[in-house]
2 protein chains.
Amino acid sequence: MSLRYGLLGLLNYYDMSGYDLKKTFESSLQYMWSAKSSQIYRELGKMEKEGLVLSKIEQQEKKFDKKVYSITKLGITAFQEWLEHFPKNLELPIRDEFIVRVFFGEHLSFENLIFEVKRFKKQREDTLEALTTILITAKHAAAEDGLDKSYYFWKLTINKALKETQAEIEWAKETIDELMNRS
Amino acid sequence: MSLRYGLLGLLNYYDMSGYDLKKTFESSLQYMWSAKSSQIYRELGKMEKEGLVLSKIEQQEKKFDKKVYSITKLGITAFQEWLEHFPKNLELPIRDEFIVRVFFGEHLSFENLIFEVKRFKKQREDTLEALTTILITAKHAAAEDGLDKSYYFWKLTINKALKETQAEIEWAKETIDELMNRS
DNA sequence: ATATTATATTCAACAAGTTGAATATAACTT
DNA sequence: AAGTTATATTCAACTTGTTGAATATAATAT
């Protein structure tokens, strides 16, 4: 029920289509919120019914028509209301398919487990690179669109993801060493 | 669809009721998997229908009857099959209500934001303590039940949670400083 | 004495998220 | 010239997760 607030937040920057929102998600909220296209389109439909957003069809020269959404006054109020009320419990519900398997690692071979932890490490290293790239492109994008004030907060959140990812890579290194000494 | 494998994994240690499983979850898988009681009971029901677990009613002296579940051969096979097949993509779908609000922080007062980041820091410090306690009690529990081999892997996973939590606390400290200098 | 917490489970209703198919065109690559 | 990728959206079916009510007793705290 709060994908909608992510969408409203992004529509505060500028009007966008479902597709644009998906793309924007991918280069920003991706690391704190995940959403599939189908979910975004459905949610936008609901939000329009509830008067939080308005859509208008925009004709494009050569491409298809776009359905461009804009935030309404009601939408702005709803967003602000949500924003100011942080949840009491800031723990996140985790569902980590990888680490659960490590937890039950006694039923796996050391070889297999080392292989998977190495794969995990590689993926997090890629994430680290992606985050660095995002930080740079976000800076440029913000400068172009006059969103420097927004960029300040984007940076705070990317810093968090960077630190967490670094910690995970550290853990992976130590764990690989540990497992290799044991096996 | 993989809460079931967490349950099967725990039933490998010993037979348990839905309630026991919930409790065991809370002192172990909690930091990698979250599940409400109602979900556990429902999943156990399904699993019994599918022949992955068996239940028998156990009479207790003064308390209620307990429905104690045990893993079947089919259950063991299903668990092993799941365990050996790690997902290709090891990223986790995140849904972080806190950090999304920081992302949109320009619509909040610095005062409010600082308050919330401090609250976040405090909660993570509590988590850190809880993790340390869990590590100790798990060690004792493992020793008592002859699960020392299992404990080795539990420790690996708790280490990961510890490192991540420490990184989050670090981030919170830096961010509080940064926000206080700006405001 | 009374209230609360812990034990122990079930179930219905609802909300949210995932998968996959369907449709249609422009732009780019081989 | 043919194939792939990107653009752009909709929808149905399904799985998963959340909330809250209902039931019933022992143990502990006030």
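Proteins come first, then strands; the chains are lettered A, B, ... in the order of their sequence lines, and each starts at number 1. All values derive from a computational prediction rather than experimental measurement.
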**Q** Output the rounded distance in Å from CG (B:Leu3) to P (C:dG17).
**A** 18 Å

**Q** So if I take every side-chain heavy atom of B:Tyr41 and compare against C:dG17, D:dT18, C:dT10, which nucleotide ends up nearest?
**A** C:dT10

**Q** Rounded to whole angstroms, how far apart are CD on A:Glu43 and C1' on D:dT10?
**A** 15 Å

**Q** Please report the distance, rounded to the nearest Å, between NZ in A:Lys49 and C1' in D:dT10.
**A** 13 Å

**Q** Please name all residues satisfying salt bridge (Lys or Arg N to Asp or Glu O under 4.0 Å) with B:Asp15, sequence neighbours left out, ordered by chain then number.
**A** none

**Q** Identify the residue among B:Asn12, B:Thr157, B:Leu10 that makes a side-chain contact (heavy atoms from CB on, under 4.5 Å) with A:Phe104.
**A** B:Leu10

**Q** So if I take every side-chain heavy atom of B:Lys23 and compare against C:dT7, D:dT18, D:dT10, which nucleotide ends up nearest?
**A** C:dT7

**Q** Take atom CD of B:Gln39 and atom P of C:dA12, then tell me their distance rounded to the nearest Å.
**A** 17 Å

**Q** State whether A:Arg95 places a side-chain N or O below 4.0 Å from either non-bridging phosphate oxygen (OP1 or OP2) of D:dG17.
**A** yes

**Q** Rounded to the Å, how far apart are B:Glu26 CD and C:dA8 C1'?
**A** 14 Å

**Q** Can you identify which nucleotide, out of C:dT10, D:dA13, D:dT18, has its nearest atom closest to the A:Arg42 side chain?
**A** D:dA13

**Q** Whole-Å distance between D:dT18 C1' and B:Trp33 CH2?
**A** 16 Å

**Q** Checking side chain to side chain contact (heavy atoms under 4.5 Å, CB included) for the pair A:Phe153/A:Ile158: CA distance, chi angles, key distance, verdict?
**A** CA-CA 9 Å; A:Phe153 297 95; A:Ile158 293 173; over 6 Å; no

**Q** Nearest nucleotide by nearest heavy atom, which residue falls closer to the 5' end of DNA chain C, A:Lys36 or B:Asp20?
**A** B:Asp20

**Q** Do the ring planes of A:Trp82 and A:Phe79 sit parallel (below 30°), tilted (30 to 60°) or perpendicular (above 60°)?
**A** tilted

**Q** Nearest whole Å is fine: how far is D:dT15 C1' from B:Tyr5 OH?
**A** 13 Å

**Q** Determine, for B:Lys173 against B:Asp177, whether the closest basic-nitrogen to carboxylate-oxygen distance falls under 4.0 angstrom.
**A** no

**Q** Nearest to the side chain of A:Lys67, which nucleotide is it out of C:dG17, C:dA8, D:dT10?
**A** D:dT10

**Q** Measure from NZ on A:Lys66 to C1' on D:dT10 and round the result to the nearest Å.
**A** 18 Å

**Q** When you get a sec, tell me which of C:dA8, C:dT18, D:dT18 is the closest nucleotide to the side chain of B:Tyr19?
**A** C:dA8

**Q** Do A:Ser38 side-chain and C:dT19 base share a donor-acceptor contact under 3.5 Å?
**A** yes

